[in-house]
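Atoms considered below: every heavy atom in the structure, side chains included; atoms not considered: hydrogens, waters and symmetry mates. Position 1 is the first residue of the sequence, and the numbers go up from there.
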Amino acid sequence: MARSIWTAHISHARLTLSPFSSEQMAEIGQVMVDKIKSRIGQAIDVNDNQAKDLSAPYAKRKMAYGRSPVRDWNFTGRTMGSLKVKSANENQVRIGFINSQADMIVSIQN
């Protein structure tokens, strides 16, 4: 498996009531990232419905590049490729987009 350039920032809290270690929280975050990528790749929204259709011009453009004409956030691959576990400690895990362009695209979509 290829090594990623990005690594999550794992910190340790001094006092915690969490039953999980920082590393375990990072693993939980990675499971969620994988699940989110899977759902988006299947063009399923948060309510388990099919994602809304693309506009006709954008669907044509995606098909011209050999992509599926569905709302799967995969045109160049940069957006979904930048969804990672950003940080983790005993109390929380943060997932998000490590690329500022991808973060902007997702913010506009939401």
Between the CG atom in L83 and the CZ atom in R78, the distance rounded to the nearest 0.5 Å is 16.0 Å

Sequence neighbours excluded, the answer for side-chain hydrogen bond (donor to acceptor under 3.5 Å, both in side chains) partners of N74 is none

To the nearest 0.5 Å, atom OG of S22 lies from atom CD of Q92 at 10.5 Å

Minimal heavy-atom distance between V106 and W73, with the atoms involved, is CG2-CZ3, 3.6 Å

query: Between I98 and K86, does a side chain to side chain contact (heavy atoms under 4.5 Å, CB included) hold up when you go through it step by step?
result: CA-CA 7 Å; I98 60 170; K86 294 177 86 171; 4.3 Å; yes

Next on the checklist: Main chain of S68, side chain of K62: is a donor-acceptor contact present, judged purely on distance under 3.5 Å?
Outcome noted: yes

### Query
Are I95 and V31 co-members of a hydrophobic cluster defined by side-chain heavy atoms under 4.5 Å apart?
no

Practice problem: Measure the acute angle between the ring planes of Y58 and F75, then classify it against the limits of 30° and 60° as parallel, tilted or perpendicular. | Solution: tilted

List the steps, then state whether side chain to side chain contact (heavy atoms under 4.5 Å, CB included) holds for K52 with V70.
CA-CA 8 Å; K52 8 182 242 189; V70 295; over 6 Å; no

When N91, I28, V93 are each screened for side-chain contact (heavy atoms from CB on, under 4.5 Å) with F20, the one that passes is I28

Rounded to the nearest 0.5 angstrom, the CD1-CZ distance for I40 and R71 is 11.5 Å

Between S38 and D34 (side chain of the first, backbone of the second, donor and acceptor by atom type, cut-off under 3.5 Å), is there such a pair?
no

Closest heavy-atom pair, Q42 versus Q50, reported as atoms and distance to 0.1 Å, is O-NE2, 4.0 Å

In this structure, CZ of R39 is separated from NZ of K35 (nearest 0.5 Å) by 6.5 Å

d(I105 CD1, N99 CG) to nearest 0.5 Å is 7.5 Å

CG (L54) and CZ (R61) are apart, to the nearest 0.5 Å, by 11.0 Å

Smallest heavy-atom separation, D48 atom then I44 atom, equals CA-CG2, 3.6 Å

